[in-house]
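Fair warning: this is a prediction, and the values are worked out from it, not measured in the lab. Just so we're on the same page: letters track the sequence lines, and every chain starts at 1.
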Amino acid sequence: MILLSPFEAATFTPPKIDYLAVAPMLIVFAAAVVSVLIESFVRRERRHAMQVTLSVVALVAALVALVVAAAQGTHVVTAGTSIVIDGPALFLQATILVLSLLAVLTMTERSSDVGSSFTPQASATPGSPAEAAARRAGLLQTEIFPLLLFSVGGMLMFPASNDLLTMFVALEVLSLPLYLLCGLSRRRRLLSQEASMKYFLLGAFSSAFFLYGTALLYGYSGSVQLSEIAVAVNQDIGKDGLLLGGTALLVVGLLFKVSASPFHVWTPDVYQGAPTPVTGFMAACTKVAAFGALLRVLYVALPGSRWDWLPALAIIAALTMAIGSVIAVVQADVKRMLAYSSIAHAGFILVGLLALSRQGISGVLFYLIAYGFTTIGAFTLITLVRARAADGGIGGEATHLSQWAGLGRTSPWVAATFTLFLLAFAGIPLTSGFTGKFAVFSAAITSGGAVGAWLVVIGVVASAVAAFFYVRVIVLMYFSEPTAAAATVATPGTLTTIAIAAGAAVTVLLGVLPTPVLDLAGKATVFIP
Amino acid sequence: MNDFPWLTVIGVLPLLGAAMIWMLPQSMAQASRRVALVVSLATLALVIIVALGFDVGRAGEYQYAETYRWIPLFGVSYAVAVDGIALVMVALSAVLVPICVLAGWNEVSGPAEGARTKNFFALMLVLETFMVGVFAARDLFLFYVFFEAMLIPVYFLIGGFGGPQRRYASVKFLLYSLFGGLLMLAAVIGIYAAGPGGDQGFLTSNLTGLHYSSSALERLLFCGFFFAFAVKAPMWPVHTWLPDAAAEAPAGVAVLLVGVLDKVGTFGMLTLCLPLFPNASQWAAPVVLTLAVISVLYGALLAIGQSDLKRLIAYTSISHFGFIVLGIFAFTSTGQAGSALYMVNHGFSTAALFLVAGMLIARRGSQLIGDYGGLQRSTPLLAGGFLLAGLSSLALPGMSSFVSEILVLVGTYSRQPAAALVAVLGIILASLYILLTYQRMFTGPAREYASGWRDMDVREAWVVAPVIAVIIALGFYPKPVLDVLNPAVTRTMQQVGLTDPAPTVATGANGGTTP
């Protein structure tokens with residue numbers, strides 16, 4: 001924080017900014033602004049192509065800038081003291097960029113067979129003549145791209161924030177566009193809007209928690225900067241009520257975003273209602289960003305009071321794994337099932353995070369990238385599995401599990417790929433899911449002490465329960481006869497195919513030859529205080 | 001004995017075969033059977049070359065070792081090698097796979113026959129890769145990877161090609177095994193944390209002879225491993241998945257499941273539990289022995305009560321696994337050598353039973369024993385095959401199982417006489433369940449339903465004959481296999497830190513004879 005007093009105004013020097021270090025964020029935000037301008041000034045027919053190009057180019061450019069910065073060994077605190085670019089930040093930002101690139105590919109889908117997942121005109125009331133007219137006119141939703149870019153920008157900033165206010169701003173920048181994106185589904189629009197509303201209300205609550213926590217911690221330490229909070233904690237200055245209250249509220253805000261139990265209740269509804277490509281994006285990228293922020297807060301600002309928050313978080317981790325795995329068993333909707341699975345995965349990641357060691361950090365980093373690719377792949381695949389429309393054409397997504405019966409017979413490739421993703425979620429060896437699980441569990445056992453060991457035992461039991469519902473889907477796809485209501489599979493466009501193939505390839509690769517990525521994650525574990 | 005990566009080639013060859021099968025065009029789907037047979041025979045040939053090059057004099061040491069870094073950050077290496085026990089188990093898998101391929105020749109029919117045929121034979125080959133891998137792995141992580149990955153092809157083989165209850169059976173199989181496996185995963189990580197760590201921290205050799213910080217830790221880790229192996233083996237009371245899985249699986253798959261896969265459980269007890277946790281193994285021995293004896297009797301009693309032929313064979317296996325575990329945890333070299341040999345013999349005699357049963361079921365269309373009768377007259381070859389297999393299963397002298405069963409009982413008696421005496425009852429029960437079944441299915445007047453049946457054809461004869469030949473050969477002359485097994489067993493005993501109890505001599509007032 002730069003504190004300006006009136007006496008110093010004359011000698012104001014602008015904060016030094018390491019432009020290379022923040023280049024990825026600048027590129028994405030700039031592209032987002034240009035994207036808004038495109039929405040305003042370019043003719044409707046030409047928007048889609050331009051927006052897609054702009055988004056892809058911006059994300060690739062940001063990734064290149066990031067790689068250049070990383071290659072130069074950038075480790076700085078910059079933009080005053082509000083942004084910190086260190087190993088974990090670089091790794092997480094790269095993960096977010098790669099995953100959002102995949103997500104953009106899935107959102108561009110508009111092939112004749114699959115069609116867009118987004119409503120042509122969000123402002124038209126569901127079921128109204130205006131909606132029908134927009135649909136007839138074949139309008140394409142392009143506002144998703146500026147929204148997505150802003151959200152990605154916020155996600156890039158979230159784990160790179162060096163003070164709680166910047167972190168809060170990043171939280172809002174990443175969340176607000178997401179609330180909107182959730183409400184843009186083409187089909188089942190009321191469900192989608194309900195999801196959006198729920199997410200917004202609960203998200204606003206959690207933001208308020210976060211902000212209140214920030215205020216209390218400011219009251220405790222006299223600063224919002226993470227490193228100064230850490231100093232205050234270490235000096236043991238008393239005022240423990242402020243510290244504990246602040247920590248609790250702050251962490252609740254973050255746990256909401258990673259959908260840890262008991263702050264997970266929004267997840268199934270939102271995952272189910274949101275347009276499926278958005279669900280994939282949200283499940284993968286939001287988790288990365290939010291866990292990045294959680295890591296930074298806990299490892300940089302609050303390591304001194306770990307014995308205060310560790311027991312609570314350990315209980316939350318155990319609860320998250322258990323609730324996610326157990327409730328998923330009774331789900332009949334594939335998107336809701338994956339939502340509960342994502343809750344369980346949040347629990348597994350928390351186990352790694354609570355190891356409180358560099359090994360734990362690298363385990364979390366690896367898990368996030370492994371889970372992200374599998375998740376985007378899985379949700380994209382769901383967009384292809386469609387109900388048969390009354391006229392024999394391709395209808396909306398067939399998310400009810402009973403519709404997946406016999407898919408292995410009718411569409412072997414889709415079923416095989418989805419099986420791969422499910423096996424990865426279940427953590428079967430030779431998939432990325434196993435490597436990730438192993439990374440966090442071994443960190444917890446080696447450096448997490450007795451708490452870590454117990455969490456691992458709960459984790460493996462939860463994994464066994466979770467295996468049940470993943471396997472159930474495989475049984476449905478392969479060992480059941482197709483029913484009359486069985487789903488059909490739409491032929492995807494090239495970009496969607498690329499996204500699915502990339503998800504599947506990375507899922508296998510990180511299972512068989514994870515060493516390069518593990519190496520990177522292992523090197524990216526030093527936070528700048 | 002050169003630097004040629006024999007074991008890797010043996011492992012990869014079936015995988016390539018599977019890939020080849022999957023790439024066959026749909027019109028040539030039936031050719032996948034021949035591809036699978038040729039590939040599995042080629043694998044067998046390679047295994048024979050390896051076996052011939054194996055230095056029997058040093059069978060207690062690991063040979064054909066290959067070690068490469070795999071995931072150094074986790075301490076994981078790709079390390080494979082075989083000692084006597086592992087070699088014999090690899091050979092068992094390599095012999096049984098072509099037989100099972102042949103047995104499953106006409107297994108697949110119905111809708112989408114082409115694609116399903118490809119899947120069936122490709123999955124068999126994938127399974128062979130994992131079986132070779134799990135027995136040859138010398139890195140605990142690698143072992144675990146194969147241990148778990150193995151479930152997937154079996155799951156699809158049972159679920160995709162099994163009987164009417166296949167969905168239930170396959171899911172039950174998978175969930176039981178996964179649950180056991182996941183507990184083992186926790187223990188695998190735990191032992192790494194207790195071990196030396198570093199780049200090669202998962203090499204089994206680096207984890208053997210550890211000094212644990214507390215005996216509680218060693219016991220916990222032992223329990224993690226043992227539970228997984230007990231589910232796999234399977235032992236009472238975690239055996240319930242086996243009868244379902246074996247009853248629903250196609251005959252060839254049931255053979256691999258019970259004959260080889262379940263051996264991973266006992267193999268793991270013998271070559272991992274004992275060397276890695278010597279003190280905890282002795283601590284747990286009383287409980288394990290009790291469970292083993294219960295398995296022996298319980299499996300046999302339930303076998304007698306079965307009305308379903310394949311379930312019966314599954315329950316006999318539970319009884320036999322009880323014997324194997326008994327021999328392992330009696331901590332005598334005789335008992336352990338018997339157990340190791342038993343793994344092989346049980347593999348073959350159960351294979352023969354399942355295979356003949358499969359042929360009968362294919363003809364009759366029913367697994368119920370009550371639906372048969374009088375087959376001795378109409379199909380004497382099938383009856384003879386079943387009888388020989390059954391006699392081996394009940395350990396008739398001259399059959400291979402007799403040698404191993406007697407070794408196990410003698411070995412157990414010298415340290416645990418009570419357990420051995422109770423377990424002996426299992427032999428009597430065995431003759432009941434085999435002979436009663438034979439009587440009900442094969443004796444009596446020829447029946448109407450079997451009038452049009454052909455006896456064993458050439459393919460079927462090729463399926464059964466090699467197995468029966470091995471059973472009889474090993475029954476009369478088990479020495480070559482025992483020579484390979486014994487040094488490895490002796491090494492295990494040394495790792496546990498026990499010596500055989502000295503033979504006791506009857507002395508006393510009435511002592512008349514001198515030894």
Side-chain angles (χ1 to χ4, degrees), chain A residues 359 362-363 366 408-410 412 416 419 423 426-431 434-435 437-448 452-468 470-472 474-476 478-481 511-519 521-523, chain B residues 22 69-76 111-112 115-116 118-119 130 141-152 155-156 158-162 166-194 197 201-202 217 220 224:
Chain A
Q359 205 191 344
S362 75
F366 184 86
R409 195 80 46 87
T410 50
T419 302
L423 292 179
I428 301 290
L430 302 177
T431 64
F434 173 68
T435 321
K437 220 171 245 180
F438 189 88
V440 292
F441 284 176
S442 65
I445 284 195
T446 351
S447 46
W454 276 111
L455 282 177
V456 169
V457 171
I458 297 171
V460 294
V461 175
S463 308
V465 175
F468 174 75
Y470 299 123
V471 167
R472 204 178 48 155
I474 301 178
V475 169
L476 265 176
Y478 281 96
F479 310 151
S480 299
E481 299 302 319
V512 180
L513 294 170
T515 304
V517 178
L518 275 174
D519 263 333
K523 283 180 196 143
Chain B
W22 267 316
R69 292 152 66 85
W70 180 20
I71 314 176
L73 276 166
F74 288 169
V76 176
R116 276 163 41 87
K118 276 163 61 172
N119 283 342
F130 291 150
F141 186 97
L142 187 68
F143 174 85
Y144 180 79
V145 165
F146 285 126
F147 186 81
E148 290 284 70
M150 211 162 57
L151 305 177
I152 303 301
Y155 167 69
F156 279 104
I158 299 176
F161 306 93
R166 60 203 164 88
R167 285 161 56 180
Y168 170 75
S170 60
V171 171
K172 192 171 177 184
F173 157 77
L174 189 68
L175 292 180
Y176 263 78
S177 307
L178 269 182
F179 185 67
L182 283 165
L183 283 185
M184 183 168 123
L185 175 63
V188 166
I189 301 173
I191 192 175
Y192 176 76
F202 270 115
L217 174 67
L220 272 178

### Check against side-chain contact (heavy atoms from CB on, under 4.5 Å), A:T515 and B:F74
CA-CA 9 Å; A:T515 304; B:F74 288 169; over 6 Å; no
### Query
At a heavy-atom separation under 4.5 Å, does A:L518 approach chain B through its side chain, its backbone, both, or neither?
both
### Euclidean distance, A:D519 CG relative to B:L73 CG, rounded to 0.5 Å
5.0 Å
### Task
Side-chain contact test, heavy atoms from C-beta onward, threshold under 4.5 Å: evaluate it for B:N119 versus A:Y478 and give yes or no.
no
### Message
So which residue, A:L513, A:V461, A:V475, A:T419, ends up with the most heavy-atom pairs under 4.5 Å with chain B?
### Response
A:V475
### Summary
Cut-off 4.5 Å, heavy atoms of chain A, and the answer for B:R166 is side chain
### Query
Tell me, side chain or backbone of B:F147 under 4.5 Å from chain A's heavy atoms, or both, or neither?
neither
### Summary
When the 4.5 angstrom heavy-atom criterion is applied to B:F130 and chain A, the contacting part is side chain
### Message
Using heavy-atom distances under 4.5 Å, tell me whether A:A426 contacts chain B through its side chain, its backbone, both, or neither.
### Response
neither
#### Entry: Gap separating the OH atom of B:Y192 from the CD1 atom of A:I445, nearest 0.5 angstrom
12.5 Å
### Separation between CG of A:L430 and CD1 of B:I152, rounded to the nearest 0.5 Å
10.0 Å
### Task
Taking the six-membered ring for Trp and the single ring otherwise, decide whether the centroids of A:Y470 and B:Y155 are under 6.0 Å apart.
no
### Message
Are A:F434 and B:Y144, when compared by the centres of their aromatic rings, separated by less than 6.0 Å?
### Response
yes
### Message
Can a donor-acceptor pair be found, under 3.5 Å and without considering hydrogens, that links the side chain of B:W70 to the backbone of A:V512?
### Response
yes
## Note on the structure
In this structure, CG of B:L174 is separated from CD1 of A:I474 (nearest 0.5 Å) by 7.5 Å
### Message
So, taking the atom named OG in A:S442 and the one named CZ in B:F141, what distance separates them when rounded to the nearest 0.5 Å?
### Response
8.5 Å
### Query
Side chains of A:V456 and B:L185: closer than 4.5 Å at any heavy-atom pair?
no
### Task
Search all heavy atoms of A:A464 against all heavy atoms of B:L175 and return the closest pair with its distance.
O-CD2, 4.3 Å
#### Entry: Straight-line distance of B:I189 CD1 to A:T446 OG1, nearest 0.5 Å
8.0 Å
### Query
More than 12 foreign heavy atoms under 6.0 Å from CH2 of B:W22: is that the case here?
yes
